[in-house]
Number of protein chains: 2
Amino acid sequence: MNRGLLIVLSGPSGVGKGTVCSALRGKQPELIYSVSATTRPPREGERDGVNYFFKSREQFQDMIRNDALLEYAEYVGNFYGTPRDFVEKTLDEGKDIILEIEVQGALKVKEKFPEGVFIFLLPPSLGELKQRIVGRGTESQATIEHRLSVAVEEMNLLYHYDYAVVNDDVDSACARIGAIMTAEHCKRERFLHELFQELNDLTPAQNARER
Amino acid sequence: MNRGLLIVLSGPSGVGKGTVCSALRGKQPELIYSVSATTRPPREGERDGVNYFFKSREQFQDMIRNDALLEYAEYVGNFYGTPRDFVEKTLDEGKDIILEIEVQGALKVKEKFPEGVFIFLLPPSLGELKQRIVGRGTESQATIEHRLSVAVEEMNLLYHYDYAVVNDDVDSACARIGAIMTAEHCKRERFLHELFQELNDLTPAQNARER
């Protein structure tokens with residue numbers, strides 16, 4: 001059986017990662033959602049292992065020490081992170097798992113899990129970049145240069161990703177992400193692996209031993 | 001505008017390349033089909049530039065000398081080849097083009113056009129490879145070893161391709177090829193290229209000159 005795929009969905013803040021991810025899970029119910037670990041106390045109705053893996057600060061620091069997290073960060077006094085074992089277990093079961101995460105976290109995941117499929121969600125304004133940078137022709141040279149440097153920064157982040165999906169429309173974005181998943185499942189490496197395994201099980205020597 | 005994609009659909013003989021390619025063109029009417037050049041005389045109803053580019057032997061040999069073919073081969077006294085300019089012109093227009101070709105030809109195309117998307121169509125028996133090799137347990141060691149070497153040869157060809165698509169069902173195979181095309185259009189290189197171009201057009205120096 002082939003391993004599942006780790007899909008990392010990221011992009012600049014405000015681009016609609018959460019909306020696209022929810023829609024995608026609705027369309028692909030077999031897709032597993034990566035559950036984060038956190039030291040934040042559970043809110044009413046939140047269930048351990050479903051919404052989050054709830055951990056004490058000590059437990060979380062143990063996970064950091066044991067390299068049990070693909071990435072982690074601290075926000076307003078609480079730790080949040082992606083447990084590696086949940087991801088690995090899901091992939092070993094042949095299931096695909098999606099991780100929705102901000103850009104810095106995604107880059108950390110890539111260091112530990114380069115075989116993930118890294119998708120950068122772009123705002124629909126990509127095609128309007130030019131207009132945004134030039135503005136209405138009333139901006140100073142300094143403003144244009146600042147905008148240019150921001151655009152270059154955004155572009156450089158995209159460089160770390162495998163794919164870019166423009167979020168012009170949630171359904172279209174989901175369709176493109178679904179196509180990327182299908183295509184990744186067709187990557188020849190996955191077939192070669194399977195064939196090698198099958199052929200390895202069938203070497204004449206072993207075949208002879210079995211008789 | 002982004003360039004189109006060259007999709008090279010290949011695979012072992014008898015796998016159903018032609019059937020899948022025809023079905024795909026029916027489903028994706030905007031997909032352009034690569035037209036071959038040949039020295040074979042036109043048959044009734046065949047049109048130059050539609051079915052083939054009909055060439056004299058001398059013209060064809062000029063094309064070979066001028067590196068105007070992505071690949072060529074001789075069958076029963078006639079030359080057949082893939083004109084490079086038709087492919088390049090289509091790609092420059094931002095359109096995708098598909099080339100259906102046998103395995104040796106595809107490898108030659110890859111030498112001249114490595115940025116193509118190379119898809120290997122597999123027979124539905126991939127999963128039954130094991131059973132086919134072992135047979136019914138009545139075969140000699142020599143037969144099993146021969147089958148094994150054929151399987152390894154097939155596998156090694158797959159190694160040169162980007163994707164493998166199992167032709168278990170024509171519609172499913174077409175859907176997977178369509179997904180591969182969508183995913184390839186989402187490759188971040190294509191977005192980076194566009195962004196670089198846009199940003200290049202917008203350097204402050206140039207912007208200042210325009211005022």
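Heavy-atom basis, side chains included; hydrogens, waters and symmetry copies ignored. In the text below, chain A, chain B and the rest are named by the order of the sequence lines, each starting its count at 1.
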Under the side-chain hydrogen bond (donor to acceptor under 3.5 Å, both in side chains) definition, can you give me all pairs with a residue in residues 16-28 of chain A, not counting sequence neighbours? A:Lys27-A:Asp171
Between A:Ala183 and B:Ala183, the two heavy atoms sitting closest are CB-CB, 3.5 Å
Can you confirm whether B:Lys95 is buried at NZ, in the sense that more than 12 heavy atoms of other residues, nucleotides or ligands lie under 6.0 Å from that atom? no
Flag the one option from B:Val165, B:Thr182, B:Ile177, B:Asp162 with the top tally of heavy-atom pairs under 4.5 Å to chain A. B:Asp162
Rounding to 0.5 Å, atoms NZ (B:Lys187) and CD1 (A:Ile180) come to a distance of 10.0 Å
Distance, nearest 0.5 Å, that separates CD of A:Glu189 from OH of B:Tyr161: 15.0 Å
Who among A:Gly178, A:Ala179, A:Ala175 has the most heavy-atom pairs with chain B under 4.5 Å? A:Ala179
Take atom OH in B:Tyr80; do more than 12 heavy atoms of anything else shown fall under 6.0 Å from it? yes
With a 3.5 Å distance limit and no angle check, can you tell me whether B:Arg188 reaches the backbone of A:Ala164 through a side-chain donor-acceptor pair? no
Can you tell me if CZ on A:Phe113 sees more than 12 non-hydrogen neighbours from other groups inside 6.0 Å? yes
